[in-house]
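The sequence lines fix the lettering, A, B, ..., with proteins before strands; numbering per chain opens at 1. Fair warning: this is a prediction, and the values are worked out from it, not measured in the lab.
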Amino acid sequence: MIKSLNMLSAYILPLIISVILLHSLYKKSCAYEDFIEGAKDGFTIAVRIIPYLVAIMVAVSMFRASGAIEILQNLFSPILNYFKIPTETLIICITRSLSGSATLGVLSDIINETGANSYATKLAAVITGSSETTFYVASVYFGSVGIKKFRHSLPAGILADITGLIAAIFICRLFF
Amino acid sequence: MNYIFIFLVLISIICAVITGRVDKLVDEMLQASQRAVTVAIGLIGIMAFWLGIVNIAKGSGLCEIFSNIIRKPLLKIFPDLRDNNDAISNIAMNISANALGLSNAATPFGIKAMEDMQKTNENKSVATNSMCTFLAINTAGFQLVPATVLAILVANGTENPTQIILPTLIVTSIAFISALFYVKLLERIFNKND
């Protein structure tokens, strides 16, 4: 199963690129010139998002380094115990929307602490797999075009993240 | 974003004082700004490559064909983009690439879509309704198979790691639909000058 999935994802990129190039050949468009023209934007976009990335990554790193997550964990542990949610997974609930690399790190920590087949591991895996790093996505996408007022997009994204977390807890209870 | 930024930084400083980790906090603050630049620079190559490929598809008219197919359902979600074919096709490519777990390919499509939407935006520093909808959908991170997580579970020797696929798919679908619901709901509550 895993093998066929990996095969699928390995072949899908070459397939997409082949289709695009074959279509260009068929239409006799200037593939090389078009490629260069498009690729030029890569640098400007990457540079344009730097200020947005600095802002969000500094804020998130400070939050992680400050011990705020541990304080929250202690604060919430009675509630978590009441709902039989492993306290280890609280960290991943918080980091999920903030930082992708941190989330993968926390997932590995949970696997190390509770074992590869524990309920906490499965719950954390579902949480990690079912969501995106909301703040990073917002910084990159809005940063690339210079949008400074995000309006209702972030509140909607955060509410959806919270809904996803609650759903993950319920669904995992049903499955595992 | 203002409040989130201020809140995150201030809470961190207060907590660091309480837990006595101020030096670690300052350290991390300086390193993180450095890291942000490294991440952005690291994006240049992959971004240039995919933007190049996308431009070939655009030049040959493939984008147009694709957008015509997907136009109808997407216009229900993005009604302002009736006359913005480029944006529609890039949004479609972004969602497809994300669903397949190709986040490297999805980001350039998403950025292209944002640029296309920015062209018809009257106030260039304020997000339009369509931009907000598009962002909310993206933050939900809809994906058919969570490849990265599966790889980590496999590497750590979890029994039947594929058992997380179905629950993850259900949860991510719920998150996706709720993102759409919330963004449309909040769109009515917020107005453009908030």
Quiz prompt | Winner by heavy-atom pair count (cut-off under 4.5 Å) against chain A, out of B/I152, B/I11, B/V37 | solution = B/I152
Exercise. Find the one option among B/I56, B/I53, B/V183 whose heavy-atom pairs under 4.5 Å with chain A are most numerous.
Key: B/I56
Practice problem: Count the heavy-atom pairs under 4.5 Å between each of B/G20, B/G42, B/A16 and chain A, then report the option with the highest count. | Solution: B/A16
Quiz item: Take atom OH in A/Y119; do more than 12 heavy atoms of anything else shown fall under 6.0 Å from it?
Solution: yes
Quiz prompt | salt bridge (charged side-chain N to carboxylate O under 4.0 Å, His left out) between B/E28 and B/R35, worked out | solution = CA-CA 10 Å; B/E28 195 51 42; B/R35 233 178 9 247; 3.1 Å; yes
Quiz item: With a 4.5 angstrom heavy-atom cut-off, which part of A/Y26 approaches chain B: side chain, backbone, both or neither?
Solution: neither
Practice problem: Verify whether the ring centers belonging to A/F142 and A/Y52 lie closer than 6.0 Å. | Solution: no
Exercise. Find the one option among A/D41, A/V47, A/I49, A/I158 whose heavy-atom pairs under 4.5 Å with chain B are most numerous.
Key: A/D41
Quiz prompt | Common cluster, B/F49/A/I20, ILVMFWY with side-chain heavy-atom separation under 4.5 Å | solution = yes
Quiz item: Checking heavy atoms, do the side chain of B/Q31, its backbone, both or neither come under 4.5 Å from chain A?
Solution: neither
Exercise. Report yes if the side chains of B/I77 and B/I137 come closer than 4.5 Å at any heavy-atom pair, otherwise no.
Key: yes
Quiz prompt | Proximity breakdown for B/F176 and chain A, heavy-atom pairs closer than 4.5 Å | solution = neither
Quiz item: Quick one: CG on B/L10 to OH on B/Y3, what's the gap to the nearest 0.5 Å?
Solution: 13.0 Å
Quiz item: Could you walk me through whether B/N160 and B/Q163 pass the side chain to side chain donor-acceptor pair (under 3.5 Å) check?
Solution: CA-CA 6 Å; B/N160 304 322; B/Q163 63 182 328; 5.4 Å; no
Quiz item: Where does A/F63 contact chain B at under 4.5 Å (heavy atoms): side chain, backbone, both or neither?
Solution: both
Quiz item: For B/L180, is it the side chain, the backbone, both or neither that has a heavy atom under 4.5 Å from a heavy atom of chain A?
Solution: neither
Exercise. Could you check which of A/P51, A/S24, A/A124 has the highest count of heavy-atom pairs closer than 4.5 Å to chain B?
Key: A/S24
Self-check item: chain B contact via A/S29 - which portion, at a heavy-atom distance below 4.5 Å
Solution: side chain
Exercise. May I have the step-by-step check of side chain to side chain donor-acceptor pair (under 3.5 Å) for A/T121 and A/S118, ending in yes or no?
Key: CA-CA 5 Å; A/T121 296; A/S118 70; 2.9 Å; yes
Exercise. Flag the pair B/K119 and B/D116 as a salt bridge only when some basic side-chain nitrogen lies within less than 4.0 angstrom of an acidic carboxylate oxygen.
Key: yes
Quiz item: Where does A/D161 contact chain B at under 4.5 Å (heavy atoms): side chain, backbone, both or neither?
Solution: side chain
Quiz item: Considering only heavy atoms, which portion of B/S33 lies under 4.5 Å from any heavy atom of chain A: side chain, backbone, both, or neither?
Solution: both
Exercise. With a 4.5 Å cut-off on heavy-atom pairs, point out which of B/P146, B/A40, B/A175 contacts chain A the most.
Key: B/A40
Quiz item: Do B/L153 and A/K122 have side-chain heavy atoms sitting under 4.5 Å apart?
Solution: no
Quiz item: Taking a hydrophobic cluster as the set of Ile, Leu, Val, Met, Phe, Trp and Tyr residues connected by side-chain heavy atoms closer than 4.5 Å, whether directly or through intermediates, do A/I69 and B/V22 fall within one such cluster?
Solution: no
Quiz item: Do B/M131 and B/Q118 have side-chain heavy atoms sitting under 4.5 Å apart?
Solution: yes
Quiz item: So which part of A/F170 gets closer than 4.5 Å to some heavy atom of chain B, the side chain, the backbone, both or neither?
Solution: neither
Practice problem: Look up atom CD1 in A/I17 and atom CG in A/L22, then write down how far apart they are to the nearest 0.5 Å. | Solution: 12.0 Å
Exercise. Could you tell me which portion of A/I166 (side chain, backbone, both or neither) has an atom closer than 4.5 angstrom to a non-hydrogen atom of chain B?
Key: neither
Quiz item: Is chain A contacted by the side chain of B/S173, its backbone, both, or neither, given a heavy-atom distance below 4.5 Å?
Solution: neither
Quiz item: Among A/A160, A/A55, A/G67, which has the most heavy-atom pairs under 4.5 Å with chain B?
Solution: A/A160
Practice problem: Against chain A, label B/K184 side chain, backbone, both or neither, depending on which of its atoms sit under 4.5 Å from a heavy atom there. | Solution: neither
Self-check item: Minimum side-chain heavy-atom gap A/L154-A/F135 below 4.5 Å
Solution: yes
Practice problem: First locate atom CZ of A/R64, then atom NZ of B/K24, and finally report the distance between them rounded to the nearest 0.5 Å. | Solution: 8.5 Å
Quiz item: For B/M117, is it the side chain, the backbone, both or neither that has a heavy atom under 4.5 Å from a heavy atom of chain A?
Solution: neither
Quiz item: If you count heavy-atom pairs under 4.5 Å with chain A, which of B/K124, B/K112, B/K58 comes out on top?
Solution: B/K124
Practice problem: Tell me, out of A/G157, A/A59, A/C30, who's got the most heavy-atom pairs with chain B below 4.5 Å. | Solution: A/A59
Quiz item: Between B/V54 and chain A, which part of the residue has a heavy atom less than 4.5 Å away: side chain, backbone, both or neither?
Solution: neither
Practice problem: Sort B/A57 into side chain, backbone, both or neither according to what part of it lies under 4.5 angstrom from a heavy atom of chain A. | Solution: both
Quiz item: chain B: which of A/V126, A/I147, A/I36, A/L104 shares the most heavy-atom pairs with it under 4.5 Å?
Solution: A/I147
Quiz item: Which answer fits B/E115, side chain, backbone, both or neither, if we ask what part of it has an atom under 4.5 Å from a heavy atom of chain A?
Solution: both
Quiz item: Is chain A contacted by the side chain of B/I4, its backbone, both, or neither, given a heavy-atom distance below 4.5 Å?
Solution: side chain
Practice problem: Under 4.5 Å heavy-atom distance to chain B, tell me which part of A/Y136 shows up: side chain, backbone, both or neither. | Solution: side chain
Quiz item: By a 4.5 Å heavy-atom criterion (distance strictly below it), what part of A/I171 contacts chain B: side chain, backbone, both, or neither?
Solution: side chain
Quiz item: So how far is it from A/T134 OG1 to B/N138 CG, rounded to the nearest 0.5 Å?
Solution: 10.0 Å
Exercise. Answer with side chain, backbone, both or neither: which region of B/D23 has an atom nearer than 4.5 Å to a non-hydrogen atom of chain A?
Key: neither
Quiz item: Quick one: what part of B/E159 sits under 4.5 Å from any heavy atom of chain A, side chain, backbone, both or neither?
Solution: both
Exercise. Kindly indicate whether the side chain of B/M47, heavy atoms from C-beta on, has any atom under 4.5 Å from the side chain of B/I111.
Key: yes
Practice problem: With a 4.5 Å cut-off on heavy-atom pairs, point out which of A/R48, A/K148, A/K40 contacts chain B the most. | Solution: A/K148
Quiz item: Where does A/I162 contact chain B at under 4.5 Å (heavy atoms): side chain, backbone, both or neither?
Solution: neither
Quiz item: Can you check whether A/C93 reaches A/I127 side chain to side chain, under 4.5 Å on heavy atoms?
Solution: yes
